[in-house]
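Worksheet: the structure to be examined is printed underneath.
Every number for a ligand or one of its atoms is a count from 1 in the order of the listing. FYI, side chains are in, hydrogens and waters are out, and symmetry mates aren't considered; it's all heavy atoms of this structure.
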Amino acid sequence: MLTEDELCCGPHLYIDGKWVPAQGGGTRDIVNPADGTVIATVDEADRADAVAAVAAARTAFDTGGWPQTPVAERIAYLLAIADLLDEHRDHIARLETLDTGKTLRESYIDLHDVVEVFRYYARLAATGSDRLVDTGNPAIISRVVREPAGVCALIAPWNYPLLQMSWKIAPALAAGCTMVVKPSEVTPLTTIALMRLIDRAGVPAGVVNLIQSSGATVGPALTDTPDVDLISFTGGAATGEAIARNAAGHITRVALELGGKNPHIIFPDAEFDSAVDAVLTGAFLHSGQVCSAGTRLILHEDIADAFVAELSWRAAGIRIGPGLDETSETGPLVSEQHRAKVEAYVALGISEGARLVTGGARPEAARLQAGSFYLPTIFDGCHRGMRIVQEETFGPILTVERFSTEAQAIALGNDTAYGLAAGVRTADAARGERLVRALRHGTVWLNDFGYYTPAAEWGGFGRSGIGRELGPSGLAEYQETKHIWHNTAPAVGGWFSDN
Ligand code: NAD
(Lines give C-alpha, C1' and ligand atoms only; values in the text may rest on other atoms or scores of the structure.)
Protein backbone atom coordinates (compact mmCIF):
# COMPACT_ATOMS: atom_id res chain seq x y z
CA MET A 1 0.00 0.00 0.00
CA LEU A 2 1.22 3.54 -0.77
CA THR A 3 1.55 6.02 2.10
CA GLU A 4 -0.29 9.34 2.09
CA ASP A 5 2.96 11.09 1.09
CA GLU A 6 3.63 8.62 -1.72
CA LEU A 7 0.12 9.17 -3.04
CA CYS A 8 0.61 12.87 -3.61
CA CYS A 9 4.39 13.40 -3.76
CA GLY A 10 5.97 15.02 -6.81
CA PRO A 11 6.46 15.25 -9.64
CA HIS A 12 2.74 15.78 -10.15
CA LEU A 13 2.13 15.71 -13.89
CA TYR A 14 1.59 12.32 -15.52
CA ILE A 15 2.18 12.35 -19.25
CA ASP A 16 2.61 9.30 -21.49
CA GLY A 17 3.11 6.98 -18.53
CA LYS A 18 5.76 9.11 -16.77
CA TRP A 19 5.63 11.39 -13.73
CA VAL A 20 7.18 14.69 -14.77
CA PRO A 21 7.54 18.24 -13.41
CA ALA A 22 6.17 21.19 -15.36
CA GLN A 23 8.38 22.13 -18.32
CA GLY A 24 8.37 25.75 -17.17
CA GLY A 25 9.20 24.79 -13.57
CA GLY A 26 5.97 26.29 -12.20
CA THR A 27 4.50 25.25 -8.84
CA ARG A 28 1.39 26.08 -6.79
CA ASP A 29 0.79 26.00 -3.04
CA ILE A 30 -2.27 24.03 -1.97
CA VAL A 31 -3.93 25.50 1.11
CA ASN A 32 -5.97 23.83 3.86
CA PRO A 33 -9.08 26.04 4.10
CA ALA A 34 -9.63 25.05 7.73
CA ASP A 35 -6.51 26.88 8.95
CA GLY A 36 -4.83 28.61 5.99
CA THR A 37 -1.70 26.41 6.11
CA VAL A 38 0.07 25.15 2.99
CA ILE A 39 -0.38 21.37 2.83
CA ALA A 40 1.44 20.71 -0.44
CA THR A 41 3.26 22.42 -3.26
CA VAL A 42 2.41 20.84 -6.60
CA ASP A 43 3.82 21.18 -10.10
CA GLU A 44 1.82 23.63 -12.16
CA ALA A 45 1.55 22.83 -15.88
CA ASP A 46 1.71 25.43 -18.59
CA ARG A 47 0.45 25.28 -22.17
CA ALA A 48 3.37 23.15 -23.41
CA ASP A 49 2.62 20.45 -20.82
CA ALA A 50 -1.03 20.41 -21.83
CA VAL A 51 -0.10 20.10 -25.51
CA ALA A 52 2.23 17.20 -24.65
CA ALA A 53 -0.53 15.49 -22.65
CA VAL A 54 -3.02 15.79 -25.52
CA ALA A 55 -0.38 14.46 -27.95
CA ALA A 56 0.24 11.44 -25.69
CA ALA A 57 -3.49 10.71 -25.48
CA ARG A 58 -3.81 11.15 -29.26
CA THR A 59 -1.01 8.65 -29.96
CA ALA A 60 -2.38 6.15 -27.42
CA PHE A 61 -5.75 6.36 -29.15
CA ASP A 62 -4.65 6.44 -32.79
CA THR A 63 -1.81 3.92 -32.77
CA GLY A 64 -1.46 2.60 -29.20
CA GLY A 65 -4.14 -0.05 -29.47
CA TRP A 66 -6.23 1.05 -26.45
CA PRO A 67 -9.54 1.38 -28.34
CA GLN A 68 -9.09 -2.18 -29.62
CA THR A 69 -8.37 -3.61 -26.13
CA PRO A 70 -10.75 -6.51 -25.41
CA VAL A 71 -13.53 -5.31 -23.17
CA ALA A 72 -12.64 -7.94 -20.56
CA GLU A 73 -9.22 -6.31 -20.21
CA ARG A 74 -10.71 -2.85 -19.71
CA ILE A 75 -13.11 -4.27 -17.11
CA ALA A 76 -10.13 -5.79 -15.27
CA TYR A 77 -8.44 -2.36 -15.13
CA LEU A 78 -11.61 -0.72 -13.81
CA LEU A 79 -11.96 -3.33 -11.09
CA ALA A 80 -8.27 -3.10 -10.18
CA ILE A 81 -8.57 0.68 -9.80
CA ALA A 82 -11.69 0.23 -7.62
CA ASP A 83 -9.85 -2.25 -5.39
CA LEU A 84 -6.82 0.04 -5.06
CA LEU A 85 -9.07 2.98 -4.15
CA ASP A 86 -10.78 0.82 -1.54
CA GLU A 87 -7.42 -0.21 -0.10
CA HIS A 88 -6.22 3.43 0.12
CA ARG A 89 -9.54 4.93 1.25
CA ASP A 90 -8.27 6.16 4.63
CA HIS A 91 -5.40 8.12 3.07
CA ILE A 92 -7.44 9.51 0.22
CA ALA A 93 -10.38 10.53 2.43
CA ARG A 94 -7.96 12.44 4.68
CA LEU A 95 -6.38 14.16 1.67
CA GLU A 96 -9.82 15.16 0.37
CA THR A 97 -10.71 16.69 3.72
CA LEU A 98 -7.41 18.56 4.02
CA ASP A 99 -7.77 19.90 0.48
CA THR A 100 -11.50 20.81 0.33
CA GLY A 101 -12.35 21.38 3.99
CA LYS A 102 -15.27 18.92 3.92
CA THR A 103 -15.79 16.70 6.95
CA LEU A 104 -14.02 13.36 7.02
CA ARG A 105 -17.42 11.65 7.13
CA GLU A 106 -18.33 13.29 3.81
CA SER A 107 -14.97 12.35 2.31
CA TYR A 108 -15.56 8.70 3.23
CA ILE A 109 -18.99 8.83 1.58
CA ASP A 110 -17.40 10.36 -1.53
CA LEU A 111 -14.76 7.60 -1.55
CA HIS A 112 -17.42 4.92 -1.26
CA ASP A 113 -19.25 6.43 -4.23
CA VAL A 114 -16.03 6.76 -6.25
CA VAL A 115 -15.30 3.04 -5.79
CA GLU A 116 -18.90 2.21 -6.74
CA VAL A 117 -18.77 4.22 -9.95
CA PHE A 118 -15.70 2.29 -11.15
CA ARG A 119 -17.47 -0.98 -10.32
CA TYR A 120 -20.71 0.17 -11.95
CA TYR A 121 -19.00 0.99 -15.25
CA ALA A 122 -17.08 -2.30 -15.12
CA ARG A 123 -20.46 -4.09 -14.93
CA LEU A 124 -22.02 -1.92 -17.62
CA ALA A 125 -19.08 -2.41 -20.00
CA ALA A 126 -19.82 -6.14 -19.88
CA THR A 127 -23.28 -5.65 -21.35
CA GLY A 128 -23.09 -5.10 -25.12
CA SER A 129 -25.18 -2.39 -26.71
CA ASP A 130 -24.82 -3.34 -30.39
CA ARG A 131 -28.09 -3.61 -32.32
CA LEU A 132 -29.16 -5.51 -35.43
CA VAL A 133 -31.56 -3.67 -37.71
CA ASP A 134 -34.07 -5.46 -39.94
CA THR A 135 -33.86 -3.78 -43.38
CA GLY A 136 -36.41 -6.11 -44.96
CA ASN A 137 -33.67 -7.47 -47.25
CA PRO A 138 -32.19 -10.80 -46.05
CA ALA A 139 -28.97 -10.12 -47.99
CA ILE A 140 -28.20 -7.09 -45.86
CA ILE A 141 -26.74 -7.27 -42.37
CA SER A 142 -27.30 -3.88 -40.77
CA ARG A 143 -25.60 -3.32 -37.42
CA VAL A 144 -25.45 -0.30 -35.13
CA VAL A 145 -22.36 -0.44 -32.93
CA ARG A 146 -20.84 1.80 -30.28
CA GLU A 147 -17.19 2.82 -30.56
CA PRO A 148 -14.98 4.98 -28.32
CA ALA A 149 -15.40 8.74 -28.88
CA GLY A 150 -11.63 9.31 -29.00
CA VAL A 151 -9.37 11.63 -27.00
CA CYS A 152 -11.22 13.27 -24.11
CA ALA A 153 -10.41 16.35 -22.03
CA LEU A 154 -11.87 15.80 -18.55
CA ILE A 155 -12.13 18.96 -16.45
CA ALA A 156 -13.45 18.91 -12.87
CA PRO A 157 -14.37 21.43 -10.13
CA TRP A 158 -13.23 21.75 -6.51
CA ASN A 159 -16.33 20.86 -4.53
CA TYR A 160 -16.31 17.09 -5.16
CA PRO A 161 -12.86 16.77 -6.75
CA LEU A 162 -12.43 13.01 -6.85
CA LEU A 163 -16.11 12.15 -7.19
CA GLN A 164 -16.74 14.40 -10.18
CA MET A 165 -13.55 13.21 -11.87
CA SER A 166 -14.41 9.53 -11.32
CA TRP A 167 -17.82 10.08 -13.02
CA LYS A 168 -15.75 10.92 -16.12
CA ILE A 169 -12.68 8.66 -15.95
CA ALA A 170 -14.57 5.41 -15.25
CA PRO A 171 -16.95 5.57 -18.25
CA ALA A 172 -14.22 7.00 -20.51
CA LEU A 173 -11.98 4.01 -19.71
CA ALA A 174 -14.90 1.60 -20.09
CA ALA A 175 -15.69 3.04 -23.53
CA GLY A 176 -12.07 2.70 -24.73
CA CYS A 177 -11.24 6.41 -24.85
CA THR A 178 -7.92 8.00 -23.95
CA MET A 179 -7.87 11.16 -21.90
CA VAL A 180 -6.24 14.20 -20.36
CA VAL A 181 -7.46 14.79 -16.83
CA LYS A 182 -7.44 18.28 -15.31
CA PRO A 183 -8.61 18.67 -11.71
CA SER A 184 -9.37 22.06 -10.21
CA GLU A 185 -6.14 23.90 -9.38
CA VAL A 186 -7.64 24.54 -5.93
CA THR A 187 -8.03 20.85 -5.04
CA PRO A 188 -5.77 18.57 -7.10
CA LEU A 189 -4.46 16.21 -4.40
CA THR A 190 -6.89 13.30 -4.60
CA THR A 191 -6.82 13.28 -8.41
CA ILE A 192 -3.02 13.02 -8.20
CA ALA A 193 -3.52 10.12 -5.76
CA LEU A 194 -6.00 8.44 -8.12
CA MET A 195 -3.49 8.82 -10.95
CA ARG A 196 -0.87 7.02 -8.84
CA LEU A 197 -3.32 4.14 -8.46
CA ILE A 198 -4.22 4.09 -12.17
CA ASP A 199 -0.48 3.88 -12.86
CA ARG A 200 -0.17 1.07 -10.32
CA ALA A 201 -3.10 -0.79 -11.89
CA GLY A 202 -0.98 -0.98 -15.05
CA VAL A 203 -3.16 1.06 -17.41
CA PRO A 204 -0.98 1.50 -20.54
CA ALA A 205 1.07 4.67 -21.07
CA GLY A 206 -0.77 7.57 -22.68
CA VAL A 207 -4.29 6.28 -21.91
CA VAL A 208 -4.76 8.54 -18.88
CA ASN A 209 -2.67 11.71 -18.60
CA LEU A 210 -2.83 14.23 -15.77
CA ILE A 211 -2.03 17.89 -15.84
CA GLN A 212 -2.64 20.23 -12.98
CA SER A 213 -2.95 23.98 -13.54
CA SER A 214 -5.38 26.87 -13.78
CA GLY A 215 -8.04 26.79 -16.47
CA ALA A 216 -6.84 30.08 -17.89
CA THR A 217 -3.34 28.63 -18.48
CA VAL A 218 -4.12 25.22 -19.94
CA GLY A 219 -7.81 25.51 -20.88
CA PRO A 220 -7.31 26.56 -24.53
CA ALA A 221 -4.85 23.71 -25.19
CA LEU A 222 -7.55 21.27 -24.03
CA THR A 223 -10.67 22.88 -25.49
CA ASP A 224 -9.57 24.84 -28.58
CA THR A 225 -7.87 22.08 -30.53
CA PRO A 226 -8.82 19.57 -33.24
CA ASP A 227 -6.80 16.91 -31.37
CA VAL A 228 -9.47 16.51 -28.68
CA ASP A 229 -12.66 14.70 -29.71
CA LEU A 230 -14.75 15.24 -26.59
CA ILE A 231 -14.66 17.70 -23.71
CA SER A 232 -16.42 16.69 -20.52
CA PHE A 233 -16.57 19.62 -18.13
CA THR A 234 -18.08 20.07 -14.68
CA GLY A 235 -17.98 23.55 -13.22
CA GLY A 236 -19.53 26.99 -13.39
CA ALA A 237 -21.86 28.18 -16.16
CA ALA A 238 -19.56 31.02 -17.30
CA THR A 239 -16.64 28.61 -17.74
CA GLY A 240 -18.97 26.18 -19.52
CA GLU A 241 -19.95 28.91 -21.98
CA ALA A 242 -16.29 29.75 -22.70
CA ILE A 243 -15.49 26.07 -23.27
CA ALA A 244 -18.51 25.60 -25.56
CA ARG A 245 -17.37 28.60 -27.62
CA ASN A 246 -13.86 27.12 -28.00
CA ALA A 247 -15.30 23.72 -28.88
CA ALA A 248 -17.63 25.20 -31.51
CA GLY A 249 -14.64 26.26 -33.61
CA HIS A 250 -13.73 22.59 -34.13
CA ILE A 251 -17.23 21.05 -33.76
CA THR A 252 -15.82 19.18 -30.74
CA ARG A 253 -18.41 17.29 -28.72
CA VAL A 254 -19.08 18.80 -25.30
CA ALA A 255 -20.70 17.43 -22.17
CA LEU A 256 -21.37 20.22 -19.66
CA GLU A 257 -22.38 19.71 -16.02
CA LEU A 258 -22.92 23.22 -14.73
CA GLY A 259 -24.44 24.96 -11.76
CA GLY A 260 -27.89 25.00 -10.23
CA LYS A 261 -30.29 27.08 -8.17
CA ASN A 262 -32.39 24.31 -6.86
CA PRO A 263 -35.92 24.75 -5.47
CA HIS A 264 -37.20 22.75 -2.52
CA ILE A 265 -41.02 22.98 -2.34
CA ILE A 266 -42.85 22.12 0.89
CA PHE A 267 -46.63 21.57 1.00
CA PRO A 268 -48.49 21.93 4.30
CA ASP A 269 -49.33 18.21 4.49
CA ALA A 270 -45.63 17.19 4.49
CA GLU A 271 -44.38 15.58 7.70
CA PHE A 272 -42.90 18.59 9.51
CA ASP A 273 -39.76 17.32 11.27
CA SER A 274 -38.40 15.26 8.39
CA ALA A 275 -39.11 18.17 6.01
CA VAL A 276 -37.16 20.62 8.19
CA ASP A 277 -34.33 18.11 8.46
CA ALA A 278 -34.18 17.55 4.68
CA VAL A 279 -34.18 21.29 3.95
CA LEU A 280 -31.40 21.84 6.48
CA THR A 281 -29.21 19.09 5.01
CA GLY A 282 -30.06 20.02 1.42
CA ALA A 283 -29.00 23.63 1.94
CA PHE A 284 -26.08 23.41 4.38
CA LEU A 285 -24.28 20.11 3.72
CA HIS A 286 -20.67 20.90 2.71
CA SER A 287 -21.51 24.53 3.58
CA GLY A 288 -23.78 24.75 0.54
CA GLN A 289 -20.94 24.10 -1.91
CA VAL A 290 -22.98 21.51 -3.75
CA CYS A 291 -24.26 21.95 -7.32
CA SER A 292 -27.60 20.40 -6.34
CA ALA A 293 -27.89 22.20 -2.97
CA GLY A 294 -31.52 23.06 -2.18
CA THR A 295 -30.85 26.73 -1.57
CA ARG A 296 -34.25 28.05 -2.73
CA LEU A 297 -36.90 27.11 -0.18
CA ILE A 298 -40.48 27.51 -1.45
CA LEU A 299 -42.90 27.18 1.48
CA HIS A 300 -46.67 26.99 1.62
CA GLU A 301 -47.89 30.12 3.42
CA ASP A 302 -49.84 28.11 6.04
CA ILE A 303 -46.67 26.57 7.49
CA ALA A 304 -44.09 29.17 6.51
CA ASP A 305 -43.64 31.03 9.80
CA ALA A 306 -43.40 27.89 11.94
CA PHE A 307 -41.10 26.24 9.38
CA VAL A 308 -38.69 29.18 9.19
CA ALA A 309 -38.58 29.45 12.99
CA GLU A 310 -37.68 25.76 13.43
CA LEU A 311 -35.23 25.81 10.54
CA SER A 312 -33.40 28.89 11.84
CA TRP A 313 -33.05 27.35 15.25
CA ARG A 314 -31.62 24.17 13.74
CA ALA A 315 -29.30 26.12 11.36
CA ALA A 316 -27.90 28.19 14.21
CA GLY A 317 -27.04 24.95 16.01
CA ILE A 318 -24.98 23.42 13.18
CA ARG A 319 -21.50 22.63 14.51
CA ILE A 320 -18.93 24.26 12.23
CA GLY A 321 -15.29 23.26 12.43
CA PRO A 322 -12.29 21.67 10.74
CA GLY A 323 -13.23 18.63 8.69
CA LEU A 324 -10.75 16.42 10.56
CA ASP A 325 -12.47 17.20 13.88
CA GLU A 326 -15.01 14.42 14.40
CA THR A 327 -17.46 16.76 16.12
CA SER A 328 -17.72 19.08 13.08
CA GLU A 329 -20.94 18.79 11.11
CA THR A 330 -19.75 21.05 8.31
CA GLY A 331 -16.40 22.56 7.37
CA PRO A 332 -15.11 25.84 5.95
CA LEU A 333 -15.65 27.29 2.50
CA VAL A 334 -12.99 26.14 0.06
CA SER A 335 -10.93 29.34 0.11
CA GLU A 336 -10.75 32.94 1.35
CA GLN A 337 -11.53 34.04 -2.19
CA HIS A 338 -14.70 31.96 -2.27
CA ARG A 339 -15.78 33.22 1.17
CA ALA A 340 -15.46 36.78 -0.14
CA LYS A 341 -17.84 35.86 -2.99
CA VAL A 342 -20.36 34.40 -0.51
CA GLU A 343 -20.09 37.49 1.71
CA ALA A 344 -20.79 39.70 -1.30
CA TYR A 345 -23.98 37.71 -1.92
CA VAL A 346 -25.09 38.20 1.69
CA ALA A 347 -24.54 41.95 1.33
CA LEU A 348 -26.50 41.84 -1.93
CA GLY A 349 -29.40 39.99 -0.25
CA ILE A 350 -29.60 42.65 2.45
CA SER A 351 -29.45 45.47 -0.09
CA GLU A 352 -32.24 43.78 -2.11
CA GLY A 353 -34.48 43.86 0.96
CA ALA A 354 -34.37 40.19 2.02
CA ARG A 355 -34.80 39.68 5.79
CA LEU A 356 -31.77 38.08 7.45
CA VAL A 357 -33.10 35.48 9.90
CA THR A 358 -29.88 33.79 10.99
CA GLY A 359 -26.18 33.77 10.08
CA GLY A 360 -24.89 36.45 7.74
CA ALA A 361 -21.47 36.49 9.45
CA ARG A 362 -18.27 34.61 10.14
CA PRO A 363 -18.29 32.44 13.27
CA GLU A 364 -16.78 34.11 16.34
CA ALA A 365 -14.91 31.14 17.89
CA ALA A 366 -11.19 31.92 18.20
CA ARG A 367 -10.18 28.49 16.84
CA LEU A 368 -11.97 29.20 13.54
CA GLN A 369 -10.40 32.57 12.74
CA ALA A 370 -7.59 31.24 10.53
CA GLY A 371 -9.98 29.26 8.31
CA SER A 372 -12.52 30.43 5.73
CA PHE A 373 -15.61 29.52 7.77
CA TYR A 374 -19.04 31.10 7.34
CA LEU A 375 -22.28 30.69 9.30
CA PRO A 376 -25.37 29.01 7.80
CA THR A 377 -27.47 31.93 6.60
CA ILE A 378 -31.23 32.20 5.98
CA PHE A 379 -33.03 35.05 4.22
CA ASP A 380 -36.83 35.24 4.53
CA GLY A 381 -39.15 37.54 2.56
CA CYS A 382 -37.50 36.74 -0.76
CA HIS A 383 -39.07 36.98 -4.18
CA ARG A 384 -38.24 35.93 -7.71
CA GLY A 385 -37.02 39.41 -8.72
CA MET A 386 -34.01 39.20 -6.39
CA ARG A 387 -30.59 38.18 -7.69
CA ILE A 388 -30.01 36.32 -4.43
CA VAL A 389 -32.94 34.06 -5.47
CA GLN A 390 -31.84 33.59 -9.08
CA GLU A 391 -28.04 33.27 -8.93
CA GLU A 392 -25.99 30.35 -7.66
CA THR A 393 -24.19 31.59 -4.52
CA PHE A 394 -22.46 28.23 -3.91
CA GLY A 395 -22.35 28.90 -0.19
CA PRO A 396 -24.46 28.37 2.96
CA ILE A 397 -27.22 30.81 1.94
CA LEU A 398 -30.87 29.74 1.88
CA THR A 399 -33.61 32.01 0.52
CA VAL A 400 -37.28 31.59 1.47
CA GLU A 401 -40.25 32.32 -0.81
CA ARG A 402 -43.93 31.57 -0.14
CA PHE A 403 -46.79 30.19 -2.23
CA SER A 404 -50.49 29.49 -1.79
CA THR A 405 -51.54 27.31 -4.76
CA GLU A 406 -50.02 24.30 -6.47
CA ALA A 407 -49.80 26.21 -9.75
CA GLN A 408 -47.79 28.94 -8.00
CA ALA A 409 -45.43 26.37 -6.53
CA ILE A 410 -44.76 24.88 -9.97
CA ALA A 411 -44.28 28.31 -11.55
CA LEU A 412 -41.80 29.30 -8.82
CA GLY A 413 -39.97 25.96 -9.05
CA ASN A 414 -39.48 26.42 -12.78
CA ASP A 415 -38.63 30.11 -12.55
CA THR A 416 -34.88 29.68 -12.89
CA ALA A 417 -32.47 29.76 -15.78
CA TYR A 418 -30.95 26.56 -14.34
CA GLY A 419 -32.59 23.15 -14.08
CA LEU A 420 -30.31 20.77 -12.22
CA ALA A 421 -32.39 19.46 -9.31
CA ALA A 422 -35.56 20.09 -7.32
CA GLY A 423 -37.31 18.66 -4.27
CA VAL A 424 -40.99 18.31 -3.37
CA ARG A 425 -42.49 17.28 -0.04
CA THR A 426 -46.15 16.32 0.22
CA ALA A 427 -48.20 13.47 1.67
CA ASP A 428 -50.56 13.59 -1.33
CA ALA A 429 -49.31 10.99 -3.84
CA ALA A 430 -51.29 12.39 -6.79
CA ARG A 431 -50.01 15.88 -6.16
CA GLY A 432 -46.47 14.54 -5.79
CA GLU A 433 -46.72 12.87 -9.19
CA ARG A 434 -48.08 16.05 -10.80
CA LEU A 435 -45.18 18.05 -9.35
CA VAL A 436 -42.36 15.66 -10.30
CA ARG A 437 -43.59 15.69 -13.90
CA ALA A 438 -44.15 19.45 -14.07
CA LEU A 439 -40.77 20.51 -12.68
CA ARG A 440 -38.19 21.04 -15.42
CA HIS A 441 -35.07 19.79 -13.64
CA GLY A 442 -32.68 16.90 -14.33
CA THR A 443 -33.34 15.26 -10.95
CA VAL A 444 -36.52 15.63 -8.90
CA TRP A 445 -36.73 14.21 -5.39
CA LEU A 446 -40.13 13.45 -3.89
CA ASN A 447 -40.07 13.36 -0.06
CA ASP A 448 -36.29 13.13 -0.08
CA PHE A 449 -33.40 15.35 -1.09
CA GLY A 450 -29.83 15.04 -2.36
CA TYR A 451 -29.54 11.32 -3.09
CA TYR A 452 -28.30 9.73 -6.29
CA THR A 453 -27.14 6.35 -7.55
CA PRO A 454 -24.47 5.58 -10.16
CA ALA A 455 -27.02 3.65 -12.24
CA ALA A 456 -29.33 6.67 -12.74
CA GLU A 457 -28.53 9.61 -15.02
CA TRP A 458 -27.37 12.93 -13.56
CA GLY A 459 -27.43 16.29 -15.35
CA GLY A 460 -29.42 19.40 -15.97
CA PHE A 461 -32.03 21.18 -18.04
CA GLY A 462 -31.47 24.77 -19.21
CA ARG A 463 -28.27 26.49 -18.08
CA SER A 464 -27.38 23.51 -15.91
CA GLY A 465 -25.77 21.86 -18.88
CA ILE A 466 -25.73 19.53 -21.83
CA GLY A 467 -25.65 15.74 -21.62
CA ARG A 468 -25.80 13.30 -18.72
CA GLU A 469 -23.30 11.61 -16.45
CA LEU A 470 -23.86 8.28 -14.66
CA GLY A 471 -26.18 5.52 -15.84
CA PRO A 472 -26.05 4.09 -19.37
CA SER A 473 -26.15 7.66 -20.82
CA GLY A 474 -22.95 8.40 -18.88
CA LEU A 475 -21.21 5.67 -20.90
CA ALA A 476 -22.88 6.71 -24.17
CA GLU A 477 -21.32 10.21 -23.73
CA TYR A 478 -17.95 8.57 -24.42
CA GLN A 479 -19.09 6.59 -27.45
CA GLU A 480 -19.70 7.28 -31.11
CA THR A 481 -22.49 5.43 -32.89
CA LYS A 482 -21.60 3.69 -36.13
CA HIS A 483 -23.96 2.03 -38.61
CA ILE A 484 -22.38 -0.88 -40.50
CA TRP A 485 -24.25 -1.90 -43.65
CA HIS A 486 -23.03 -5.25 -44.99
CA ASN A 487 -24.31 -6.55 -48.30
CA THR A 488 -23.76 -10.34 -48.36
CA ALA A 489 -24.89 -10.70 -51.99
CA PRO A 490 -23.48 -7.77 -53.98
CA ALA A 491 -25.01 -7.36 -57.45
CA VAL A 492 -25.22 -4.69 -60.12
CA GLY A 493 -27.58 -1.98 -58.90
CA GLY A 494 -28.66 -0.81 -62.35
CA TRP A 495 -29.40 2.82 -61.41
CA PHE A 496 -27.38 4.13 -64.34
CA SER A 497 -27.34 2.49 -67.75
CA ASP A 498 -24.08 0.72 -68.66
CA ASN A 499 -23.65 2.06 -72.21
P1 NAD B 1 -15.04 26.65 -12.42
O2 NAD B 1 -15.90 26.74 -13.62
O3 NAD B 1 -14.39 27.88 -11.91
O4 NAD B 1 -13.86 25.61 -12.65
C5 NAD B 1 -14.11 24.26 -13.00
C6 NAD B 1 -12.90 23.70 -13.70
O7 NAD B 1 -12.74 24.38 -14.95
C8 NAD B 1 -11.58 23.88 -12.95
O9 NAD B 1 -10.79 22.74 -13.15
C10 NAD B 1 -10.97 25.09 -13.63
O11 NAD B 1 -9.57 25.14 -13.55
C12 NAD B 1 -11.40 24.84 -15.06
N13 NAD B 1 -11.40 26.01 -15.91
C14 NAD B 1 -11.57 27.32 -15.57
N15 NAD B 1 -11.51 28.10 -16.66
C16 NAD B 1 -11.30 27.28 -17.73
C17 NAD B 1 -11.15 27.49 -19.12
N18 NAD B 1 -11.21 28.69 -19.66
N19 NAD B 1 -10.95 26.40 -19.92
C20 NAD B 1 -10.90 25.16 -19.40
N21 NAD B 1 -11.03 24.91 -18.08
C22 NAD B 1 -11.24 25.96 -17.25
O23 NAD B 1 -15.95 25.95 -11.30
P24 NAD B 1 -15.57 25.68 -9.78
O25 NAD B 1 -15.64 26.99 -9.07
O26 NAD B 1 -14.34 24.85 -9.70
O27 NAD B 1 -16.79 24.74 -9.33
C28 NAD B 1 -18.00 25.21 -8.90
C29 NAD B 1 -19.05 25.09 -9.99
O30 NAD B 1 -19.16 23.75 -10.43
C31 NAD B 1 -20.43 25.48 -9.50
O32 NAD B 1 -21.06 26.30 -10.45
C33 NAD B 1 -21.14 24.14 -9.38
O34 NAD B 1 -22.53 24.21 -9.47
C35 NAD B 1 -20.53 23.38 -10.51
N36 NAD B 1 -20.71 21.93 -10.31
C37 NAD B 1 -21.65 21.28 -11.07
C38 NAD B 1 -21.86 19.92 -10.87
C39 NAD B 1 -22.90 19.16 -11.68
O40 NAD B 1 -22.94 17.94 -11.58
N41 NAD B 1 -23.72 19.81 -12.48
C42 NAD B 1 -21.13 19.22 -9.91
C43 NAD B 1 -20.19 19.93 -9.14
C44 NAD B 1 -19.99 21.29 -9.36
What is the minimum heavy-atom distance between Gln212 and Pro188, and which atoms define it?
-> OE1-CB, 3.3 Å

Where Leu163 and Val114 come nearest, the two heavy atoms and their spacing = CA-CG2, 3.7 Å

Report yes or no: is the cationic atom of Lys102 (NZ for Lys, CZ for Arg) closer than 6.0 Å to the six-membered ring centre of Tyr160, at no more than 45° off its axis?
-> yes

In terms of residue, atom name and distance, what is the protein heavy atom nearest to [atom]?
| atom | result |
| --- | --- |
| atom 12 (C) of ligand 1 | Ile155 CG2, 3.7 Å |
| atom 25 (O) of ligand 1 | Trp158 NE1, 2.8 Å |
| atom 22 (C) of ligand 1 | Gly215 CA, 3.4 Å |
| atom 15 (N) of ligand 1 | Thr239 CG2, 3.2 Å |
| atom 34 (O) of ligand 1 | Glu392 OE2, 2.5 Å |

If you measure from each non-hydrogen atom of Ile243 to ligand 1, which part falls under 4.0 Å: side chain, backbone, both or neither?
-> side chain

Can the ring centroids of Tyr452 and Trp167 be said to lie less than 6.0 angstrom from one another?
-> yes

For [atom], tell me which residue out of [options] has the closest non-hydrogen atom.
| atom | options | result |
| --- | --- | --- |
| atom 23 (O) of ligand 1 | Pro183, Ala421, Ser464, Gly236 | Gly236 |
| atom 42 (C) of ligand 1 | Cys291, Ala50, Pro161, Pro220 | Cys291 |
| atom 30 (O) of ligand 1 | Ser184, Ser292, Gly235, Gly442 | Gly235 |

Measure from the side-chain N and O atoms of Arg468 to the backbone N and O of Gly460, and report whether any donor-acceptor pair falls under 3.5 Å.
-> yes

In terms of side-chain geometry, is the basic nitrogen of Arg94 or Glu4 positioned less than 4.0 Å from the acidic oxygen of its partner?
-> yes

